[in-house]
Engineer: 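Got a structure here, written out as structure tokens. Questions coming.
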Amino acid sequence: AGVSDDVVKIGVLADMGGVYADICGPGCVTAVEMAVEDFGGTVLGKPIEIVSADDQNKPDVGSAKVRQWIEDEKVDAVNGLVASSVTGAVTKVLTDAKKIALISTSASHAFTTKACSPYNVHWTYNVAALANGTVKPMVDAGKKKWFFITADYAFGHALEGIASKVIETSGGEVVGAVRAPLGTTDFSSYVLQAQASGADVVGLANAGADFVNALKTSAEFGLTETADVAGLLVFTHNAKALDPAIAAGMKATTGFYWDMDDQTREWSARFKERHGSIPAMGQAGAYSMTMHYLNAIKAAGTDDADAVMKQMKQTKPNDFFARNAYLRNDGRMVHDMLLVSIKDAASRKSDDDIYNIEATIPGDVAFNPMLPACDFK
Amino acid sequence: MSADYVLETRNLVKEFKGFTAVDDVNLKVERGTIHALIGPNGAGKTTVFNLLTKFLTPTTGTILFNGKDITSMKSAAIARKGIVRSFQISAVFPHLTLLENVRIALQRNEGNSFHFWKSEKVLDKLNDRALELLDEVGLKDYANAITVDLPYGSKRALEIATTLALDPEMLLLDEPTQGMGHEDVSVVADLIKKVSANRTILMVEHNLHVVAQLADKITVLQRGAILTEGDYATVSQDPQVREAYMGVEADDEVANAIAAESAAASAAEKEAVK
Amino acid sequence: MSSTGEKIRIVDLHSYYGESHILHGIDMTIMQGELVTLLGRNGSGRSTTLKSIMNMVGRRSGVININGTETIDMPAHKIAHLGVGYCPEERGIFSSLNVEENLMLPPSVRSDGMSVEEIYEIFPNLAERRYSQGTRLSGGEQQMLAMARILRTGANILLLDEITEGLAPVIVQKLAEVLVMLKKRGLTILLVEQNFRFAAPIADRHYVMEHGHIVEQVDKDELEAKTEMLNTYLGV
Amino acid sequence: MKINKLYVFLIALALVAPTVVYPVFLMKVLCFALFACAFNLLLGFVGLLSFGHAVFLGTGGYVTGYLMIETGISPELGVLAGTAAAAVIGAIYGKLAVKREGIYFAMVTLALAQLAFFFYLQAPFTGGEDGLQGVPRGALFGLIDLSDNSAMYYFVLAIFLFGFWLVHRTIHSPFGQILKAIRENEPRAVSLGYNVNDYKWAAFVISSALAGMAGSTKTLVFQLASLTDVHWHMSGEVVLMTLLGGMGTIFGPVVGAGVVVTIQNYMSGGELGNYIHIIMGVIFIVCVLAFRSGIVGEFQKLMKKNFG
Amino acid sequence: MATIFGINLFALSGQLLVGLINGSFYALLSLGLAIIFGLLKIINFAQGAMYMLGAFFAWMALNYMGINYWAALIVVPIAIGIIAILIERFLVRPIANEDHLYSLLLTFGIALVLQGMFTHIYGSSGLPYQIPAELKGGTKLPFMYLPNYRAWIIVSSLIVCGSTWWVIEKTKLGAYLRAGTENPQLMQGFGINVPLITTLTFGFGVALAGFAGVLAAPVYSVSPEMGSNILIVVFAIVVIGGMGSIGGAILTGLLMGVVEGLTKFFYPEASTTVIFLFMVIVLLIKPAGLFGKEA
Ligand SMILES: Nc1ncnc2c1ncn2[C@@H]1O[C@H](COP(=O)(O)OP(=O)(O)OP(=O)(O)O)[C@@H](O)[C@H]1O
Ligand SMILES: Nc1ncnc2c1ncn2[C@@H]1O[C@H](COP(=O)(O)OP(=O)(O)OP(=O)(O)O)[C@@H](O)[C@H]1O
Ligand SMILES: CC(C)C[C@H](N)C(=O)O
Ligand SMILES: [Mg+2]
Ligand SMILES: [Mg+2]
């Protein structure tokens, strides 16, 4: 036991300059730094070090970097992890090397299902939680007919798929879907098709700029007047970019909102002071996860991955981020999710005042159940 | 038995948007001769060349080479058949040596020009032939010089050597002496004479001295159609040719006439000044 | 010699294309109404001399005085406005313009240029093909167009580079007449010519160039006397 | 003679390098060096700027990756298959691209590459943005286990040397002579009876095959094939490597690849991470404005000036 | 609803119109490229970045200086034109005599730098820009609800493209431009200030992209990536149309917008690739492009 190489080294791998940089880029590094500082900078008397790298959202760049971290720099765990594609590649490398993946921002639920591993920790949210959180209440409220505008790649397909399942099991119906390629700027055709479908709800199974563009166009063509438009994955930064006149009232599911209570406000204020903007859910997740990881090392008395994983799963995380939380054996961190709605301009008290919290979704309702095959003790 | 024609056109026509540049031309080029195509500017000489080498497609008519119809062949294929054209601009590979220039042409018949896995040393066996050709045009001593550095006339000569390397049955020369000083003109004219052995040459040329010196037969084009044909003596005496092409007074007399006129003019001018 | 009659005065002109030094100190003076030719072998620097006057070479030094104005530091586009018309060796016909547009293209630099009708009369070929694309003309027709183009601008100093190139003897003859006529109108002409037969009878003076130097100046009256010498320089 | 000594020295250096430098990094350099050499064959020696060469890198990678995962063939066959696939795509794209020249050629290749990018993004067998993950390296000839980094390194080195040799040979072959002639004066080459488009096409195919080989090898090294390799950024990167190293020189692309990969490696870890595109852009601008012969080209000039 | 062969005609007309809107952007961008290519013989790889810059400038003008949309529509293209003029003067001109591939690479570098800078400063999630109040709302057509702003895009783009076409093809200035593209040196010799014309043309061509950027700001999210993706498509369009004619660039742009719109309707998965496929077909049948002159 003890600390290998006399140092605990955490790598933060994220998109430092690309499309997801705002969601979990330098901000995730800041969050992890804050965690290490708050923890005291050492564990078991050994220093805690952070290294960070840009994965450029490229699986090859990310996995090469992580390989090098493991082989050359003795990194013990990798935090951050944004694009699911990178995460997929990186978790394979980490698992082979028996090192821990601390996944903060990736959406795919694969890391705790078909690509699950004893060394994966998936913290903030996943597509299942999004579908359960946003879609189910709407169907239950009588919005039965759905149409999807889906990002035409793995992430969009997964999100659409899981949302469709939720709709069907709740007694709704998917009347159509259109696959818009990643990076589409002009959504008008798709919006016209959605309009023609006569759906009650148009689900946007995409993210980032795609989501913003699709929503804007929906409003322009009057789709928002005749149907509900639901964003299935909305980050605070994107919500901020939307015209409140268009977006107001839209519901979304999120793993974290800075303005929930004093605890979240306290931490978010500290974060904003350091980083310049309010934290996105993945950034808050990255902090929370790091804390839990360091606490587990301390409790286990070693940084050995198996021991630490065991320790993390045994103790329940509980901080400003993780509420009613526990780390499941498959690596899924189950915690309360928030159903929020976007505020209209009039009721916003500041630029950062974006959401109304509508409801808290208990973790067990939000997340997908554990697969027996992924039940790593 | 009719004469032996290498190249024949039958009712060759080329129209450009309602304008007929070549109008029903029946050209017959006899094997082993130097045949000149002359005519006023815009008569259609270059267009005929372009048709023969398929830089342009005939509107109607056929082109026969050695009795075979080549009307539908592509440029490169025609070159491979043995009709090679020289350009008005000098056509050399400027940063290769003279030897390499000629070798590029020789290489075509080697059948190894797609062989990227072989060393270029396999081409060395072409060197002797290349030197021979360079010798023929008087450039042997410069074989390893880089082509850009050559004077204009020598580039022209090199171009001819390269063309000969293809061992063409027929050479098409478009104004081969254009832009040359008198000295070079006679060098090139001699060269053409020399290389015409065993070959057929069809040339366009405005320099009547060269035409007179070289051509066995002359075809005069005007407005796209053949005006007359024959040897230099016949053609140059033809009043129609004199009017349309050579000017009222032919050739040498031209200079005299102009001299006289300008003398008169300057006299008049002096008059005026006074 | 009155300096008012002096149209072009060049003193110690050196010209370069990039690294290569082409003209090595040219001196020449051309008077109003004179027709002067530049003779020499290929590559002796005759075209370069004309281009230097037009500031179309890489770099130049010395004195080039046109119509009393010093032009060595003048940008290229201002030179034409001193009344200079330049007909380049390679003709420079524009393929994106039709024949008539080509003809009308150069801005007038003086008011007394030839009219389009006059020009079409001299070159009937051009009238006939006036709406075809400039570069679709035959070689000779393009040559005519290039020459015609500057006659329209009213330039009274003409720099003509090998204008008889590729022309049928009839047209060459016609051109000679045109030049004589222009001279009569008082235009100053600097002519680069290979065709000595064409140039000899109409020129007042000849400069002979070799390797970027002027090696000889021959007056019209001295032609006969200096034939021998010309022969050795030009191989006539 | 001198040249031969240089080669021997360099190969010796390459053989001992992994004992000093992180082998995966070296393999990455070698893969990109091969890619850049293949690209340089077109740009530097035929004068064709392909702005879509990433397609071939990516195609090689995907095909090799797919076969290694699905069929478990041995790695040398995987590389061969990837190379062949890239050659086939190259043959098709080349046929189209050589119909246009100069800048148009660049645009056509870029557009065709984008076509392929979207195809690979949407096609089921590529795993979309996830890419093909966990590609096994397998055992060379069924014998030598390549999961060991140093074994893998020597395999990569061998492939690189083969590719490098082939490029060198192509340039100095009868075929290379014709390419040179085409670059010098294309209309003249036509008039001598050469179908220049066929020659350009053949060069294109060779280049794309080698680029594919680089991609296949890279996939084995990183056990991953992804969209990165077919994205236009990658096409831009190989242009940068070649330009920086010295286009039209034999060693230029290798040096360029080394420098660019090193910069990227260095920056991806540090504070400069998010400046990467800016820095790449600046290098481009500086190279074009002041440094057109590239590192190797400028070096050669210097040698010539001082010792030549 | 009117249907024929099972196709909803109303929906189809809607898609056609939507295609035309997209085509308006393509037309503006390919026109800009064509003009610049014409005179400088370079492909401005930074054209996409300039389009992006146009959108960002509009945003910055509004948020930092309070300059509204209408003013931005004038001011921003001018500002971008000035930037372009500086680029031409100090970066492009020094290499004007080198192989044109270098200027392609140069502008590629510029594009990378600009995109990188804006990503660095503003991130890449995109910034909001409102549709100007005057153009909010829409018109109910029988087959679709046409937002007023979209109609404005078509109208303004057609006006700008049309007048540019007219100036180049029908005026003396245009003749100077066309001739200057072929033989700048000789045009100088005729007394025309070609460097000035060149610089201004470059400025204008780039300003067109800036204009398109301002037009785009309210409908697409203002983000650093917006330029690079559209540019590659525009390249394909340029190949399809052939650089031969200004009118060709405009028409092909519009046409391709429509083709793309139809594809989104009939087979959306292919919508990103259809223009490239179209390019392949054109290359096979008419390598010089639809409006290209024979080589
Ligand atoms: N591509 C074309 N399109 C339209 N007209 C053309 C084209 N090519 C040539 N012409 C016209 O056809 C006629 C014949 O041209 P051609 O070039 O064959 O003349 P030429 O006899 O070679 O004259 P020159 O002695 O002046 O070179 C000319 O009037 C020319 O304007
Ligand atoms: N653009 C250029 N760049 C470099 N060198 C040039 C250039 N133009 C001409 N030269 C060189 O300058 C020298 C003089 O050329 P110039 O064109 O003035 O000769 P010329 O007497 O007019 O002959 P020609 O009969 O060929 O027109 C030649 O050696 C030529 O190679
Ligand atoms: C970061 C998110 C926008 C989702 C991301 N595309 C993923 O794959 O998980
Ligand atoms: Mg350790
Ligand atoms: Mg001709």
Engineer: Sort F16(B) into side chain, backbone, both or neither according to what part of it lies under 4.5 angstrom from a heavy atom of chain C.
Structural biologist: neither
Engineer: Starting at CD of Q194(C), measure out to CG of N207(B) and round the result to the nearest 0.5 Å.
Structural biologist: 11.0 Å
Engineer: Evaluate whether atom OH of Y142(B) has more than 12 neighbouring non-hydrogen atoms of other residues, nucleotides or ligands under 6.0 angstrom away.
Structural biologist: no
Engineer: Using side-chain heavy atoms (C-beta onward) and a distance below 4.5 Å, is P169(C) in contact with L208(B)?
Structural biologist: yes
Engineer: Please classify the contact of A244(B) with chain C as side chain, backbone, both or neither, using a heavy-atom distance under 4.5 Å.
Structural biologist: backbone
Engineer: Count the heavy atoms of every other residue, nucleotide or ligand shown that sit under 6.0 Å from CZ of R223(B), and state whether that count exceeds 12.
Structural biologist: no
Engineer: Got a sec: does the CD of E15(B) have more than 12 other heavy atoms crowding it under 6.0 Å?
Structural biologist: yes
Engineer: Counting only non-hydrogen atoms closer than 4.5 Å, does E128(C) touch chain B with its backbone (N, CA, C, O), its side chain (CB onward), both, or neither?
Structural biologist: side chain
Engineer: Are there over 12 heavy-atom neighbours, none belonging to H21(C), within less than 6.0 Å of that residue's NE2?
Structural biologist: yes
Engineer: What are the two closest non-hydrogen atoms of G39(B) and A168(C), and how far apart are they?
Structural biologist: O-CB, 4.4 Å
Engineer: Check whether M181(C) gets within reach of chain B through its side chain, its backbone, both or neither, counting any heavy atom under 4.5 Å.
Structural biologist: neither
Engineer: Please report the closest heavy-atom contact between S138(C) and G42(B), naming both atoms and the distance.
Structural biologist: OG-N, 3.0 Å
Engineer: Okay, side chain of N41(B), backbone of G139(C): is any donor-acceptor separation there less than 3.5 Å?
Structural biologist: no
Engineer: Between CD of E165(C) and CD of E175(B), what distance do you get to the nearest 0.5 Å?
Structural biologist: 7.5 Å
Engineer: Could you please spell out the steps behind the side chain to side chain contact (heavy atoms under 4.5 Å, CB included) verdict for H209(B) and R197(C)?
Structural biologist: CA-CA 12 Å; H209(B) 291 277; R197(C) 233 179 274 279; 3.5 Å; yes
Engineer: Look up atom NE2 in H206(B) and atom CG in N195(C), then write down how far apart they are to the nearest 0.5 Å.
Structural biologist: 12.5 Å
